[in-house]
There are 2 protein chains.
Amino acid sequence: MNRISDATITRLSRYYRSLVHLETQGQEMVSSKELAKRHKVTPAQVRKDLSCFGQFGTRGLGYSVCQLKETIAHILGLHRIWKVALVGAGSLGSALISYKEFKRQGFHIVAVFDNDPHKVGKKRRGLTISDITKLPKIVKELDINLAVVAVPTTAAQSVVDILVKAGLKMILNFAPETLKTPPGVTIRNVNMAIELEALSYRLVASEMSRLDGKPKLSSI
Amino acid sequence: MNRISDATITRLSRYYRSLVHLETQGQEMVSSKELAKRHKVTPAQVRKDLSCFGQFGTRGLGYSVCQLKETIAHILGLHRIWKVALVGAGSLGSALISYKEFKRQGFHIVAVFDNDPHKVGKKRRGLTISDITKLPKIVKELDINLAVVAVPTTAAQSVVDILVKAGLKMILNFAPETLKTPPGVTIRNVNMAIELEALSYRLVASEMSRLDGKPKLSSI
DNA sequence: ATCTGGTTGTGAAAGAGTTCACAAGCCCGA
DNA sequence: TCGGGCTTGTGAACTCTTTCACAACCAGAT
Ligand SMILES: NC(=O)c1ccc[n+]([C@@H]2O[C@H](COP(=O)([O-])OP(=O)(O)OC[C@H]3O[C@@H](n4cnc5c(N)ncnc54)[C@H](O)[C@@H]3O)[C@@H](O)[C@H]2O)c1
Ligand SMILES: NC(=O)c1ccc[n+]([C@@H]2O[C@H](COP(=O)([O-])OP(=O)(O)OC[C@H]3O[C@@H](n4cnc5c(N)ncnc54)[C@H](O)[C@@H]3O)[C@@H](O)[C@H]2O)c1
């Protein structure tokens, strides 16, 4: 069992959501075929993804919805509660605080930081906004596992440096910029601008091919 | 020149941001080496990405920052103004409306839709929220190019169906679910939950390897 | 017991994407 | 004009990911 690819982990997350859904529908078993159809991948892909972690299915029957769900939850660490620090209590940060899905998945925002004196001390959904300078101390005290960065692009690198110094190893970044981190620190980016630009590129491409009479692009 | 990969387009978006930054710094030329370092890829990757679209560099010197920036803007369709419909004026939707970066990149939110009678008719940053039933008409009238979906997961598929029927071909979805679209319609997902789960998986993995005394995972 | 229809798990093949390696080319100074 | 230092552009090699294909297996009917 080699290093698991990012793509596989991403797909497991998706399968997980389907399984939760199927369970609420009362479905007992699910085949790789059905799971694949729901996610626009091949059945072989589903089976390969799962086989990275063991054998969970029954030949001829498929996978037990409940059992597979639990297995994936385990793999992804969704049974655990992770303590999250949010940096940046702006419009995006505020939306994230009020986003209940995070908590449901075990990601608890337990501290919010900002550097704006007008915001520090104020409350957001029961959480008091702390000054960014208090971050290292609070991260230690609360034993925080991961950080979400929702500050303006210009401040993002300096915030990441602070987080790294505070000992955090996992960071989710919303600023549309590639940030530097030392080895051992994982940073993942949520980048809506890039997604939009990919759509924009395809709009241009589809217009061009329309003019050329070429066949149009398929989805995803 | 084959089909350009998604990965390449994504990287172009990133390079673009670096180029904008370098231009404001007054830098005239940039090498694939420098660009690569800023984005944690190899110089060869940068050159390959660009070579998909033509030859823009000068051997021995590198690329003209300004010229390359313009070229990429052209490729990605960033010169144009795209009209965007936003569906869902909740907490995320509201954050998106107030996000100025979108407009700067040429993505203008020109209409906002919701199905909540309490919200329809209200204003958000100068935009009146319209009832979702008016969407097809307004999309036609305003000649809207793409749609952003920021409604609860349970409503996302039905909203996408409406969008597809209204003739939209490009959709950016924030709901954490794989949505069905007919061929010819491209949908891209921004999925923070999945990103968090990938981090969570790595946290678990790193804890396990810590216990085993194995080397820790590298960044990215 | 055996057969049938269906599904998993997995090596091997195929396909994508990335990196290597080097000729071709530019600039500058001698 | 020539040589040295540096960088691009790109086929070829390599690596990673996905798909194929099929033996192994399960359940229920006959
Ligand atoms: N608003 C959106 O819908 C949206 C969408 C996509 C991406 N983003 C990205 O998310 C990030 C935040 O966006 P936003 O719209 O919430 O911005 P915002 O300006 O509303 O909020 C940013 C917050 O960060 C705080 N801040 C600034 N520097 C800081 C520092 N050094 N330390 C701690 N806090 C600091 C500010 O005081 C402010 O409260 C940006 O990088 C933006 O590009 C936002
Ligand atoms: N809030 C966040 O920070 C956040 C983060 C990540 C992902 N998301 C996702 O983004 C989506 C929106 O989240 P939110 O927090 O803004 O939710 P929200 O409940 O605040 O807002 C959703 C809005 O959509 C409207 N709506 C519901 N059904 C509709 C329909 N059929 N047609 C038109 N409008 C409809 C509601 O009236 C509401 O205004 C969800 O799918 C959520 O999972 C949100």
Side-chain angles (χ1 to χ4, degrees), chain A residues 1-15 18-19 22 27-69 71-72 75 178 198 201 217-218 220, chain B residues 1-15 18-19 22 27-69 71-72 75 178 198 201 217-218 220:
Chain A
M1 198 208 301
N2 281 321
R3 173 71 150 62
I4 312 295
S5 82
D6 247 33
T8 294
I9 297 300
T10 299
R11 281 190 299 267
L12 285 186
S13 291
R14 291 191 224 277
Y15 303 156
S18 280
L19 291 164
L22 288 173
Q27 190 171 327
E28 302 252 322
M29 300 296 288
V30 65
S31 66
S32 60
K33 195 171 159 194
E34 181 178 357
L35 223 34
K37 200 157 139 212
R38 289 177 169 268
H39 296 280
K40 299 182 194 162
V41 296
T42 62
Q45 181 75 79
V46 173
R47 298 201 296 275
K48 255 277 145 71
D49 286 339
L50 296 174
S51 76
C52 294
F53 300 94
Q55 309 190 171
F56 312 115
T58 314
R59 290 162 195 235
L61 291 184
Y63 303 88
S64 147
V65 169
C66 167
Q67 211 171 294
L68 188 58
K69 192 202 77 177
T71 304
I72 295 181
I75 293 169
T178 310
Y201 166 73
L217 296 162
S218 76
I220 292 272
Chain B
M1 200 206 301
N2 280 323
R3 175 69 151 62
I4 311 296
S5 82
D6 247 32
T8 293
I9 298 300
T10 300
R11 282 191 298 268
L12 285 186
S13 291
R14 290 192 224 278
Y15 304 156
S18 279
L19 292 165
L22 287 172
Q27 189 171 328
E28 302 252 321
M29 300 297 288
V30 65
S31 67
S32 61
K33 195 171 159 193
E34 181 176 358
L35 223 34
K37 199 155 139 213
R38 289 176 169 268
H39 296 281
K40 300 182 192 161
V41 295
T42 61
Q45 182 74 80
V46 174
R47 297 200 296 275
K48 256 274 145 72
D49 286 338
L50 296 174
S51 77
C52 294
F53 299 94
Q55 309 189 173
F56 312 115
T58 313
R59 289 160 196 236
L61 290 184
Y63 302 87
S64 148
V65 169
C66 166
Q67 212 171 293
L68 188 58
K69 192 201 77 178
T71 304
I72 294 181
I75 293 169
T178 310
Y201 166 73
L217 295 162
S218 75
I220 291 254

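Predicted model only: the values in this text are computed from it and were never measured. A, B, ... follow the sequence lines: proteins, then strands. Residue 1 opens every chain.
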Please state how far atom [atom1] in [X] lies from atom [atom2] in [N], giving the value in whole angstrom units.
X     : N      : atom1 : atom2 : value
A:L68 : C:dT8  : CG    : P     : 10 Å
A:L35 : C:dG6  : CG    : C1'   : 17 Å
B:D6  : C:dA16 : CG    : C1'   : 13 Å
B:K40 : C:dT18 : NZ    : P     : 16 Å

Below 3.5 Å is the cut-off: list the nitrogen or oxygen pairs between protein and nucleotides 26-30 of chain C, distance only.
unit_1, atom_1, unit_2, atom_2, d
C:dC26, O4', B:R59, O, 3.0

- Query: Does CD belonging to B:Q27 count more than 12 external heavy atoms closer than 6.0 Å?
  - Reply: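 Counting other residues, nucleotides and ligands, CD of B:Q27 exceeds 12 neighbours.
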
- Item | Flag if over 12 foreign heavy atoms under 6.0 Å of CD, B:Q67 |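 Count not over threshold, so no.
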
- Just the endpoints, please: which first and last nucleotides of DNA chain D, 5' to 3', lie under 4.0 Å from a heavy atom of chain A?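 That gives a stretch of D:dT17 to D:dA27.
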
- Note on the structure: d(B:F56 CZ, B:I75 CD1) to nearest 0.5 Å is 4.5 Å

- Message: Would you compute the distance between atom CZ of B:R14 and atom CD1 of B:I9 and round it to the nearest 0.5 angstrom?
- Response: 12.5 Å

- Message: At 4.0 Å (heavy atoms only), tell me whether A:T8 reaches a base, stays on the sugar-phosphate, or touches nothing.
- Response: nothing

- Would you say the side chain of B:Y201 lies within less than 4.5 Å of the side chain of A:I4, judging by non-hydrogen atoms?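 When only atoms from C-beta onward are counted, B:Y201 and A:I4 do touch, with a gap below 4.5 Å.
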
- Query: Is any side-chain heavy atom of B:S64 less than 4.5 Å from a side-chain heavy atom of B:M29?
  - Reply: yes

- Message: Once side-chain contact (heavy atoms from CB on, under 4.5 Å) is applied, do any residues pair with A:T42, and if so which ones, sequence neighbours excluded?
- Response: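 Here the qualifying residues are A:A44, A:Q45.
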
- OP1 or OP2 of C:dT18 less than 4.0 angstrom from a side-chain nitrogen or oxygen of B:R11, does that happen here? yes

- Message: Whether A:R47 contacts C:dT8 is assessed here as follows: a side-chain N or O lying under 4.0 Å from the phosphate OP1 or OP2. Is that the case?
- Response: yes

- Test item: side-chain donor near acceptor, A:R47 and A:S32, under 3.5 Å: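 Per modelled atom types, A:R47 and A:S32 side chains form a pair under 3.5 Å.
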
- Donor-acceptor side-chain pairing of B:S18 and B:R38 below 3.5 angstrom: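 There is no such pair between these side chains.
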
- If each of B:S31 and B:K48 is mapped to the nucleotide of DNA chain D with the nearest heavy atom, which maps nearer the 5' terminus, i.e. the 5' end?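 Taking each residue's closest nucleotide, the earlier one in sequence belongs to B:S31.
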
